[in-house]
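The structure displayed is predicted, hence computed values, not measured ones. Below, chain A is the first sequence line, B the second, and so on; all start at residue 1.
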There are 2 protein chains.
Amino acid sequence: MKVDVIVFECREGSLLQTEAVVTQKKQKVKEQFHLFLTKKRLKATLQRNLILDAFVDLDRPTHMDELYLVLRSKHSHIGHATVYRALRLFAAAGIAREFSLGDGLTRYELAGHGKRHDYLVCSDCGTVTEFDNSSIEQRQLAVARSMGFTVEALKIELRGVCSRCLTQSG
Amino acid sequence: MKVDVIVFECREGSLLQTEAVVTQKKQKVKEQFHLFLTKKRLKATLQRNLILDAFVDLDRPTHMDELYLVLRSKHSHIGHATVYRALRLFAAAGIAREFSLGDGLTRYELAGHGKRHDYLVCSDCGTVTEFDNSSIEQRQLAVARSMGFTVEALKIELRGVCSRCLTQSG
DNA sequence: AAATACAATGACATCCACTTTCATCAAAAA
DNA sequence: TTTTTGATGAAAGTGGATGTCATTGTATTT
Ligand SMILES: [Mn+2]
Ligand SMILES: [Mn+2]
Ligand SMILES: [Zn+2]
Ligand SMILES: [Zn+2]
């Protein structure tokens, strides 16, 4: 059987992004957040700005503890409850998306790339990388439809060893 | 671009299984478990047998609390710690596979169907249905390879509304 | 600028799924 | 049957996440 397929559309995150693009994206996200704060009569605090900076600067899926460590190392006294609350707030503001992998941690990533979320999770170093391949989605939807299932969100989670860990151990 | 693909291979779990097949599978699993117990010098207790029966009878991905409720309604007097321990033991014995969906619960399913695990999760009733489509795997592996990632396990998680919930609400 | 209103912070307590502890029980061995 | 040793279950503990509340900080009003 032969069918039309779309050539893989992979993106490798920050590797393909220029300094200028990153700075611009960061500025846009911060504007969106402050617009949200104003609209909801919430307050722009030092902590929220620091946490948002750390989150956007990292530029990959992360979780509370990772941000907490970054923040404590560079700046000073931020409570962990504040980081938890800030991340939930980012999700409420629509600038972050909350998701989960098998471990007990609640993860967040910058939002705004649709209902399809495809992750490569390194079982060695734990790093989460996103990829994007729209041709797989068609198959997923077809299978679901054949079972009478109406799909709202699609997630792929591939576990293995990332290129960095492969070269280090081999 | 044209490529070879394999026609969808969907299975709908127990719907396609006869009474005899189910009974035979159950017997095989119980034998495998008792072989494991003997080999490891562990003990075959009433509780472990009851929990294994409930697990195999249910014949779909489940978690501790669901089994606990079934067991308490029919037999009573089983501790929840015992159910947790039994499920971990089933996984150690190779008759169950432990996995996780976004909620905080640790889930288990009968093992022995490879490293690819594809789930339909109903956001309405919470029911988890498995499907199996090998053609998607090729794409996943190709994407991973293009990013220098060595895949060990593949998981697809589609959230939406199952056919039962669709007909009930529509 | 100062006062006022009220959201945010952070130390601490609580929640929840899950695990561990330990006195007691029971399955397998002797 | 007696002994050995793993299993059970009630209760305590664990860890990530959230709630509480006195205090602090932000933004608005005067
Ligand atoms: Mn995503
Ligand atoms: Mn599976
Ligand atoms: Zn790695
Ligand atoms: Zn449903």
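If you measure from atom CD of B:E66 to atom P of C:dA17, you get 14 Å, rounded to the nearest angstrom. To the nearest angstrom, C1' of C:dA27 lies 15 Å from CG of B:L89. Per the geometry, CZ belonging to A:F90 stands 12 Å off P belonging to C:dA8, to the nearest Å. C:dA11 atom C1' lies 11 Å from atom OH of A:Y68, rounded to whole Å. Rounded to whole Å, the distance from CG on B:L69 to P on C:dA17 is 12 Å. Put simply, NE2 on A:H63 is 14 Å from C1' on D:dG15, counting in whole angstrom units. Look at CZ on B:R72: it is 14 Å from P on D:dT8, rounded to the nearest Å. Rounded to an integer number of Å, the gap from CZ of B:R85 to P of C:dT19 is 10 Å.
Using a 4.5 Å heavy-atom threshold, the side chains of B:F55 and B:L67 count as touching. Counting only heavy atoms from C-beta outward, the side chains of B:E31 and B:Q27 approach each other to under 4.5 Å.
For C:dC18, the OP1/OP2 oxygens have a side-chain nitrogen or oxygen of B:Y84 closer than 4.0 Å. Considering only side-chain N and O atoms, B:R88 lies under 4.0 angstrom from the phosphate OP1 or OP2 of C:dT20.
Aromatic pair A:F131/B:F149: centroids not less than 6.0 angstrom apart. Residues B:F33 and B:F90 place their aromatic rings such that the two centres sit under 6.0 Å apart.
Residues from residues 32-50 of chain A that place a heavy atom under 4.0 Å from any atom of DNA chain C, listed by number: A:R41, A:L42, A:K43, A:T45, A:Q47, A:R48. For DNA chain C, the residues of residues 96-108 of chain B within the heavy-atom distance limit of 4.0 Å (strictly under) are B:G104, B:L105, B:T106, sorted by number.
Between the side chains of A:T106 and A:E98, not a single donor N or O lies within less than 3.5 Å of an accepting N or O. A donor-acceptor contact closer than 3.5 angstrom is absent between the side chains of A:T62 and A:R107.
Pairing each heavy atom of A:S123 with each of B:E152, the nearest pair is OG-OE1, 3.2 Å.
The only option from B:K155, B:E109, B:E157 that meets the side chain to side chain donor-acceptor pair (under 3.5 Å) definition with B:H117 turns out to be B:E109.
For the atom pair OH of A:Y68 and CG of A:L87, the computed distance is 13.5 Å after rounding to the nearest 0.5 Å.
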